[in-house]
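For reference, the structure is listed below as structure tokens.
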Amino acid sequence: MRRTTAVDTTVLRALTAGLSARRLHMVCEAFCAEHHEEWQSYAFLQVGESATAHALVGELKARLTLHWEHALRQESVEGHAWKIFKEIIFEWLDERGLEPALSRIAAPARVYEHILGTCAPPAPGPEPVREMREMREVRERREPRETREARRGLYAAIAGLPERQYDVLLLRYVLEYDEARTAFLMGVPQETVRSQVRYAKRKLALDLGIDGAPGPGE
């Protein structure tokens, strides 16, 4: 099941006030362990390689450990870590002249339907990253070329969204985190997640030429 609970930054500050450097380091390690799976999954969507994703998560952990007391002074520790992680990932891509790996693969059919159709967001299910790796070839052999190209076009279009819209769609519909967890990871209010999802769906529908683009309240 996807986790939906976490320690509020204010509570975290209170719990760590006056702790020794050794104990602060232990808190940082616990924080990183709590988020490791989410960071790893997100990084894999960007770089397409588990080993590279793991190395980038390691770089994030190293930076947080080095400046942990500074991180604790931020309005949202999660939001601060997320910002640093995005910088690490996109520096890696820029240095190699690469686009996010997500834009080069086809969206699972359920993701396409949930984003552009009328279905509710998906319930927690199998690990999406693993499914994309193991099932993509089997799925593609069974479906018409037009369908496959439409699904591939969805992820390419998502990759062209503004940064915040891009992140909320990946976390909500590709990695399948609920609204509360998505907001917490990004360090933003839940209403921001809802509004960014609406804007992103409308833009995608227009960019992909799909009739019946979601309206302002959808």
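Numbers here are sequence positions counted from 1.
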message = Is the ring pair Trp39/Phe85 parallel, tilted or perpendicular, if the boundaries are 30 and 60 degrees?
response = tilted
key: Geometric class of the Tyr166/Tyr42 ring pair [parallel <30°, tilted 30-60°, perpendicular >60°]   = perpendicular
task = Taking all heavy atoms of Leu93 and all of Glu99, pick out the closest pair and write down the distance.
result = CD2-O, 4.0 Å
key: Derivation and outcome, ring-ring contact (aromatic ring centres under 6.0 Å, His included), residues Trp82 and Phe184   = CA-CA 10 Å; Trp82 188 256; Phe184 196 83; over 10 Å; no
request  = Answer yes or no: is there a side-chain heavy-atom contact under 4.5 Å between Leu24 and Leu72?
outcome  = yes
query = Do Leu56 and Leu66 belong to the same hydrophobic cluster, where Ile, Leu, Val, Met, Phe, Trp and Tyr are linked whenever their side-chain heavy atoms lie under 4.5 Å apart, directly or via other members?
reply = no
key: Between His35 and Glu78: side-chain donor-acceptor atoms closer than 3.5 Å   = yes
ask   = Which residues pass the side-chain contact (heavy atoms from CB on, under 4.5 Å) test with Ala53, sequence neighbours left out?
value = Gln40, Ala43, Phe44, Val47
Heavy-atom closest pair, residues Ser41 and Leu175 = CB-CD2, 3.7 Å
task = Flag the pair Cys32 / Leu64 as yes when at least one side-chain heavy-atom distance between them is below 4.5 Å, and no otherwise.
result = yes
message = Check this for me: does any side-chain nitrogen of one of Glu29 and Arg23 sit under 4.0 Å from a carboxylate oxygen of the other?
response = no
remark   = Nearest heavy-atom contact between Gln74 and His70 is NE2-O, 2.9 Å
task = Would you give the length of the straight line joining atom CG of Leu171 to atom CG of Asp178, rounded to the nearest 0.5 angstrom?
result = 11.0 Å
message = Would you say that Gln196 contacts Met186 through its side chain, given a criterion of any heavy-atom pair below 4.5 Å between the two side chains?
response = no
query = Do Tyr155 and Val174 touch side chain to side chain, with heavy atoms closer than 4.5 Å?
reply = yes
inquiry  = Would the distance check show the side chain of Glu176 and the main-chain N or O of Arg172 forming a donor-acceptor pair, the cut-off being under 3.5 Å?
reply    = no
inquiry  = Using every non-hydrogen atom in the two residues, find where Gly187 and Ser76 come nearest and quote the distance to one decimal.
reply    = CA-OG, 3.5 Å
Test: Glu34 and Arg181 ion pair at under 4.0 Å = yes
Closest contact, heavy atoms only, Gln165 versus Ala200 = OE1-CA, 3.4 Å
task = Taking the side chain as every heavy atom from C-beta outward, state whether Ile88 and Val57 have any pair of such atoms under 4.5 Å apart.
result = no
Any side-chain heavy-atom pair of Leu169 and Leu204 under 4.5 Å = yes
query = Which value, rounded to the nearest 0.5 Å, describes the distance between Trp68 atom CH2 and His25 atom NE2?
reply = 11.0 Å
request  = Return yes if some donor-acceptor pair links the side-chain N/O of Ser195 with the main-chain N/O of Thr192 below 3.5 Å, else return no.
outcome  = yes
Heavy-atom check, side chain of Tyr173 versus side chain of Val168, under 4.5 Å = no
key: Note, His80 side chain near Glu75 side chain (heavy atom, < 4.5 Å)   = no
request  = Give a yes or no on whether a salt bridge exists between Glu179 and Arg194, defined as a side-chain N under 4.0 angstrom from a carboxylate O.
outcome  = yes
inquiry  = Checking Lys86 now: which residues fulfil salt bridge (Lys or Arg N to Asp or Glu O under 4.0 Å) with it, not counting sequence neighbours?
reply    = Glu163, Asp167
query = Which residue pairs pass the salt bridge (charged side-chain N to carboxylate O under 4.0 Å, His left out) test when at least one of the two sits in residues 52-62, sequence neighbours left out?
reply = Glu59-Arg63
key: Audit row: His36, Leu60, side-chain contact (heavy atoms from CB on, under 4.5 Å) steps and yes/no   = CA-CA 10 Å; His36 178 90; Leu60 172 62; over 6 Å; no
